[in-house]
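Note sheet for the following structure.
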Amino acid sequence: MHTHRTRVLAALRGEPVDCLPYVPRLDLWYLANATSGTLPRHYASTPMNEIARAEGWAFHHRFCDDQLDPAYQQQYLHRGINVFYSRDTVFDVVLPPDVEVRVERRGARTRVEYITPLGTVSTVTHYDVESQRHGITIPALVEHLIKTPEDYAPAGYLFEHMDAVASFERFRRWSQDDMGDNGVPVCLGSFDASPFHWIQRDLCDATEFFIHYRDHYAKMSALAERIAQLQEKLLAILCRSPAEVVWWGANFDDMLTYPPYFEREIKPWIRKAADALGAAGKLLLCHTDGENRGLMDLIRDSGMHIAESICPAPMTRVSLDEYYRRWSTHLTLFGGIPSTIVMPGTSDAAFEAYMDALFGAVAPGSRMVVGIADEVPPAAVFSRLQRIGERIGREGRLPLMAGTFRPYEGPTAGAEAALAHAPVRPGPATAATSAPAAETIAEPRAAVFHAVREAVLRGRHREIGGHVQALLDRDVPPGDVLEQGLIAAITLVGDRMATGEAFIPEVLLAARAMSAGIAVLSPHLAKSGERLRGKVLIGTVPGDMHDIGKNLVVTLLRGVGFEVRDLGINVARETFYHEVASFAPDIVGLSSLLTTTMMEMPAIIAGLAERGLDRRCRVIVGGAPVSEPFARQIGADGYGANAVDAVRLVKRLLAEGAQTIT
């Protein structure tokens, strides 16, 4: 007779089981609703795991600590350098004895300084009750360790002289006392799969990382070598620990961890860790919750044993059927139900249709653990979580029979097909230097603008100013330099990114070059009476600290001639209202990467309407959990699936507005 623990562990190992395991991740949902007092009435004072036990669900390995309790704050003090002392870890990281640590707390912000013999580096994290209400379980990074090239040396010293010592007892207590036979305790080895991933995910701003990767690769490599020494120590402890499953790496995405970068800087370390842990009789789990269209073969062949939190269409471009078909012969899949499916915005009919399809998509059902990806969101319809459990109990007996499953085909189907056949180019510098020659832009007078276009396409920000000035000296109209030189080139880069032929570094480097060109061109545009195309106000909604997607949209919008006011991250509703009134934008862009914060979007749209501000502008939305149906449902004027789509949407909405006026 299987317990939850034995059934889940057998499925993770690829062994036969009697029924699909169901393991919903409740930590974010529970924290948000417990803080807000909105748990289901009959569970109002019930601990999270006891809710799962009462419903007959297996315990998920993620838990929620009260970050506002001083008892837990010390465990997460060094979150800014990816060092935790939580109950699911089996080691303690020891900081160098000659590095002084200074801590300053001001309200929701915690600043930690590391004073090394080679200089001082610091981090700032943010956590408050609003974070809890949005279901955020660890402090958000708002100031990273690496800010300038000068920070690499002290950061390298810090990591080179860290040590790691085994600490198994707290993991044993958590495993036995909290989990028992109700689930599989997963040991947190590292959120970062490799030294470069450590730098990218935790030590450097998401946007600046790609610039540093191009401009300061030698310094970054030197830091990565020092982080590698620490990761080797951690891996050795993990191999001899009591853990049976080890979390190693999280948040892969074919935009952020784009294919050539993933293949060079991340995949070898996943293989190294998987081989070492496998030899010790353990399983390696990676948190693969992002858009994996461009990484499907790379992840499959990486050596990982478990791909946890797989998030299929309609939240991404990969159907559950394709995930299972391409991965289940190599690894175990964990997840499969997108979090939007259990939210109020999805109709009951659509929810049931998804569940109907699920059983056919994962037939015969081996190497599959069903869960909500990335997590159960705070606004989830609780009865749907119960309904999933009911249906799996009734229809999830193995082996499943393959039904008439039809993969999701939505508005991104064309892009999916293009990306599936896009070339993958190797090497760290390739993504930054592989742009096509400017002659590929077939326009009149192409030779005149060749040097400017080439500088944008190649990301040559230091030389572009001279090329722009040379055209001005030849009396080429400033508007032509802008439109046929700079904008034509950045548009091509954006289009290539949309088809998977270019990656995020190319866009950022091209935009940097374009900005340098505009700096020379701007005074001449003003004198000639040239006007920007329109005004865009953009920001990430309250509670959300993510900005890489928003930053890319801002970059492209500015690149093609829009005036953009970027409000940043975690923007309060009242700030949006004030800025709309004062800036008078044509377009307002709302960004959210989390299902925990996406419901701020309809609240902001409603607030604009209540104040009569909606008549002044059009509102567009975007981000990982957002979709076209959701945008329509909340009254948005449009949805951008990615940065390139967002730019096209802004252009279209403004063109429609101009036609209405005329």
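Predicted, not measured: the structure shown is a model, and the values here were computed from it.
- Listed by first and then second residue, the salt bridge (charged side-chain N to carboxylate O under 4.0 Å, His left out) pairs involving residues 26-53 are Arg25-Asp27, Glu50-Arg53 (not counting sequence neighbours).
- Contact annotation: the side chain of Trp248 approaches that of Leu238 to within less than 4.5 Å [non-hydrogen atoms, C-beta and beyond].
- Between Trp57 and Tyr22, the ring planes are perpendicular. Angles over 60° get that label, and only those under 30° would be called parallel.
- Ionic pairing of Arg102 and Glu104 is not present here: no N-O contact between side-chain nitrogen and carboxylate oxygen is shorter than 4.0 angstrom.
- A donor-acceptor contact under 3.5 angstrom links the side chains of Ser86 and Asp88, judged on distance only.
- Residues Tyr323 and Met368 are not in side-chain contact: their nearest non-hydrogen atoms beyond the backbone lie 4.5 Å or more apart.
- Here Glu322 does not pair with Arg317 in a salt bridge; the nearest charged N to carboxylate O distance is not below 4.0 Å.
- Relative to the six-membered ring of Phe351, Arg387 misses at least one condition, a distance below 6.0 Å or an angle of at most 45° to the axis.
- Of all non-hydrogen atoms in Ile136 and Tyr127, the two that sit nearest each other are O-OH, 2.6 Å.
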Side chain to side chain donor-acceptor pair (under 3.5 Å) assessment of Asp544 paired with Thr597: CA-CA 6 Å; Asp544 201 321; Thr597 59; 3.0 Å; yes
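- A 4.5 Å side-chain heavy-atom check between His78 and Thr123 finds every atom pair outside the cut-off.
- For the pair Asp637/Val619, a side-chain contact is recorded, criterion being any heavy-atom separation below 4.5 Å from C-beta on.
- Under the 4.5 Å side-chain criterion, counting only non-hydrogen atoms from C-beta, Arg13 is in contact with Leu283.
- To the nearest 0.5 Å, atom CD1 of residue Ile341 and atom SG of residue Cys311 are 9.5 Å apart.
- By the 4.5 Å heavy-atom criterion applied to side chains, Leu256 and Arg201 are not counted as neighbours.
- Residues meeting the ring-ring contact (aromatic ring centres under 6.0 Å, His included) test with Phe252, sequence neighbours left out: His197, Phe262.
- Taken to the nearest 0.5 Å, the CZ atom of Arg573 stands 11.5 Å off from the CG atom of Leu608.
- A pairwise comparison of heavy atoms in Ser592 and Val541 identifies CB-CG2, 3.8 Å as the closest pair.
- Asp202 has a carboxylate O that lies under 4.0 Å from a charged side-chain N of Arg79, or vice versa, which qualifies the two as a salt bridge.
- A side-chain N or O of His134 and one of Glu600 form a donor-acceptor pair less than 3.5 Å apart.
- Within the 6.0 Å centre-distance limit, the rings of Phe191 and Phe84 are counted as a close aromatic pair.
- Using a 4.0 Å cut-off between charged nitrogen and carboxylate oxygen, Arg62 and Glu308 do not count as a salt-bridge pair.
- A salt bridge between Arg109 and Glu143 is absent, with no side-chain N of the basic residue lying under 4.0 Å from a carboxylate O of the acidic one.
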